[in-house]
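Predicted, not measured: the structure shown is a model, and the values here were computed from it. When a ligand or atom number is given, it counts from 1 through the structure's own listing order.
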Amino acid sequence: MAGNKVTRCICHGRTFKEVQAFARKHQIHSVEELQQHDFCSNGCGLCIPYIKEVLTSGQLSFFPGEPFQKDSVS
Ligand code: FES
């Protein structure tokens, strides 16, 4: 079922692995900084909860909606 996983910012065509590498290289720790670099997350915005997880946990592959479920648990 790997084909059903969320693994990229579709609007920018960047994988979460690419986002993670860019963030590490440029010492970026927030979605806002990535948006300022026009690297990801400033199109439709649907990837923002996933990108936040990429930056905080390092997770690179998600079930659709997975970050929203984590938010509702707390
Ligand atoms: S999927 Fe990332 S901005 Fe649209």
Side-chain angles (χ1 to χ4, degrees):
M1 298 295 275
N4 293 332
K5 293 282 193 94
V6 180
T7 60
R8 67 180 63 233
C9 169
I10 295 167
C11 295
H12 285 264
R14 308 228 197 247
T15 66
F16 294 156
K17 188 168 185 156
E18 291 171 325
V19 171
Q20 182 186 57
F22 183 86
R24 286 179 175 170
K25 181 177 180 181
H26 297 281
Q27 299 183 348
I28 288 172
H29 303 286
S30 71
V31 171
E32 290 78 13
E33 289 174 280
L34 289 165
Q35 291 170 324
Q36 288 165 8
H37 283 83
D38 198 27
F39 196 80
C40 66
S41 306
N42 54 6
C44 71
L46 288 176
C47 64
I48 290 175
Y50 300 91
I51 297 293
K52 286 181 179 175
E53 280 296 313
V54 170
L55 294 174
T56 56
S57 74
Q59 186 173 343
L60 299 175
S61 176
F62 303 86
F63 290 106
E66 189 176 339
F68 300 99
Q69 294 165 357
K70 287 182 181 179
D71 286 346
S72 66
V73 172
S74 57

Tell me which donor-acceptor pairs under 3.5 Å the side chains of residues 24-31 have, and how far apart each pair is, sequence neighbours excluded?
from  : atom 1 : to    : atom 2 : distance (Å)
Ser30 : OG     : Glu33 : N      : 3.1
Ser30 : OG     : Glu33 : OE1    : 3.1

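The backbone N or O of Gly65 lies less than 3.5 Å from a partner atom in the side chain of Tyr50, making a donor-acceptor pair.
Closest of all the heavy-atom pairs between Asp38 and His12 is OD1-CE1, 3.3 Å. Between Leu60 and Phe16, the shortest heavy-atom distance links the atoms O-CD1, 3.4 Å.
Below the 2.8 Å limit, atom 4 (Fe) of ligand 1 has as protein N, O or S neighbours Cys11 SG, Cys44 SG.
By the ring-ring contact (aromatic ring centres under 6.0 Å, His included) test, Phe39 is found to be paired with Phe22, residues two or more places apart in sequence or in another chain being considered. Residues that satisfy the side-chain contact (heavy atoms from CB on, under 4.5 Å) test with Cys47, not counting sequence neighbours, are Cys9, Ser41, Ile51.
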